[in-house]
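Both backbone and side-chain heavy atoms feed into the values below; hydrogens, waters and symmetry mates do not. Here is how names work: the chains are called A, B, and so on, in the same order as the sequence lines, proteins then strands, and each is numbered from 1. From a predicted model like this one, the values you see are computed outputs, not experimental measurements.
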Number of protein chains: 2
Amino acid sequence: MSVGHRRARAAPEINRRDDLLRAAARLFVEKGFAATTTRDIAQAVGMRSGSPFYHFRSKQDLLKAAMIEGLEAGHRRLQAAIAGVDDPERRLRLMIRIHFGNLLEGDCHTPMLIHESRSLDAAARAEIAAASDRYQAAWQGTLDELAACGRLRSAASPVRLLLFGMLNWSGQWYRPDGPLSLDEIADAASELLLR
Amino acid sequence: MSVGHRRARAAPEINRRDDLLRAAARLFVEKGFAATTTRDIAQAVGMRSGSPFYHFRSKQDLLKAAMIEGLEAGHRRLQAAIAGVDDPERRLRLMIRIHFGNLLEGDCHTPMLIHESRSLDAAARAEIAAASDRYQAAWQGTLDELAACGRLRSAASPVRLLLFGMLNWSGQWYRPDGPLSLDEIADAASELLLR
DNA sequence: CCTACCGATCGGTAGG
DNA sequence: CCTACCGATCGGTAGG
């Protein structure tokens, strides 16, 4: 009973932690890690300047947590979307569309933060690399399958990297109120890849 | 005569300015604009902390100058390489290879700094956007030409943006000592685009 | 989670 | 281009 009581009281604090993570991710994407102050993040969730350090040891820790939880949430979304999709072409098209969603929809555009891992120490960078590898491993199987049955435009080694470039760079130019929908962009990217 | 004399004495100072620009570009690419201090830049060229401000009004001014001069140097390289190349497919292949060179060879990988223009005021951002548009305009003609004769995989609107994504994102993963040469990467990117 | 604070660092300047 | 310096800001902490 006392445990249940403790948990019930702990819940709001957990939500505050998530609030901080979401605000941090958004600000890091907008202004970059180095240009975002912990005071910016605190203010974004209505806290005072010292309070984020009650939830996180350091600014770097906030970045690490935001990136890893974002990558894992995106990974879960990806897996859920392709579960039971047997045709590899349909699967790849779905993955591309979901990845654009992970990048550009909602408020935690975590994949765009990958470059900021240069601000972390080697141990944290390794954790992020592992989460990122898990995300990319989901793609390699589908690409291999398509290459094996000759439906990929090219199975040459850099294709997966060039594909991620097409997708990830979109954060630089995509505007939600622009002329192109995410469906259209995802279709265009798929057409470039598939034969 | 006195004018000639003055010019002769001014020359070393002009070189120091260029030294600063090159060091700044390299550091901004490596660590990001906000994480690079003007002291880092001064030290990289053997100056004391206050001295860069003899050559540039502000840190932002240094970024603006590095980006614009880098973009223009890359543009000149591009134009020189495709002068007199009439076949649009060969021309596009050349442009892709030269662009990879602008990004990844030498020591001023300026195109990778585009995202840092968010750290500048609106006026400076507009100057950089103009230089960047000049660089991209050189591509649109060739893409249109290829689309007109049916040799482009797709002429849909986002293709130029996706192409630049493939190319520019390479700064995130390319390593000079890795298994892929720039020629191989350029070929792979060309194959994805051309039919 | 707030108040009050600290040491370090940063962009930039004056004066030579 | 250097010396010497300033005001502002920043990440982080103690103590409640």
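- Taking atom NZ of residue B/K59 and atom C1' of nucleotide C/dT9, one finds them 12 Å apart after rounding to whole Å.
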Determine, step by step, whether A/R93 and A/E191 satisfy the salt bridge (Lys or Arg N to Asp or Glu O under 4.0 Å) criterion, reporting the C-alpha distance in whole Å, the side-chain angles of both residues, the deciding distance to 0.1 Å, and the verdict.
-> CA-CA 9 Å; A/R93 286 177 180 277; A/E191 293 304 328; 3.0 Å; yes
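- Taking the six-membered ring for Trp, B/W139 and B/F164 have ring centres closer than 6.0 Å.
- The nearest whole Å value for the distance from the CG atom in A/D121 to the C1' atom in D/dG11 is 16 Å.
- Side-chain proximity of A/M47 to the nucleotides D/dG11, D/dC1, C/dC1 is greatest for C/dC1.
- Relative orientation of the A/W169 and B/W169 rings is perpendicular, given thresholds of 30° and 60° on the angle between their planes.
- Regarding B/F53, its CZ atom lies at a distance of 13 Å from the P atom of C/dA14, rounded to whole Å.
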Could you provide the dot-bracket string of DNA chain D, using ( ) for intrastrand pairs, [ ] for crossing pairs and | for bases paired to another strand, with Watson-Crick or G-U pairs below 3.5 Å?
-> ||||||||||||||||
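- Note: CZ (B/F56) to C1' (C/dG12) measures 15 Å, nearest angstrom.
- Look at B/R16 and you'll find a side-chain N or O under 4.0 angstrom from OP1 or OP2 of D/dC1.
- If A/T37 and A/R57 are placed on DNA chain D by their nearest nucleotide, the residue sitting closer to the 5' end is A/T37.
- Between B/L120 atom CG and C/dG11 atom P there is a gap of 14 Å when expressed in whole angstrom units.
- Heavy-atom neighbours of B/R48 CZ from other residues, nucleotides or ligands within 6.0 Å: at or below the threshold of 12.
- Residues B/L103 and B/L182 share a hydrophobic cluster, clusters being chains of Ile/Leu/Val/Met/Phe/Trp/Tyr side chains in contact below 4.5 Å.
- Closest to the side chain of A/R48, out of D/dG12, C/dG11, C/dC2, is C/dC2.
- In this structure, A/L27 places its CG atom 12 Å from P of D/dG11, rounding to the nearest Å.
- Proximity of a side-chain donor or acceptor of B/R134 to a complementary backbone N or O of B/E72 within less than 3.5 Å is not detected.
- Rounded to whole Å, atom P of C/dG12 lies 16 Å from atom NE2 of B/H55.
- Between the side chain of A/R39 and the base of D/dG11, at least one donor-acceptor pair of N or O atoms lies under 3.5 Å.
- The side chain of B/Y54 lies closest to D/dC1, out of D/dC1, C/dG12, D/dT3.
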Could you go step by step and tell me if B/N168 and B/H99 meet the side chain to side chain donor-acceptor pair (under 3.5 Å) rule?
-> CA-CA 9 Å; B/N168 290 342; B/H99 185 72; 2.7 Å; yes
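- Among the atoms of the strands shown, base atoms are found under 4.0 Å from some heavy atom of B/S51.
- In this entry the distance linking CD1 of A/I41 with P of D/dG12 reads 10 Å, nearest Å.
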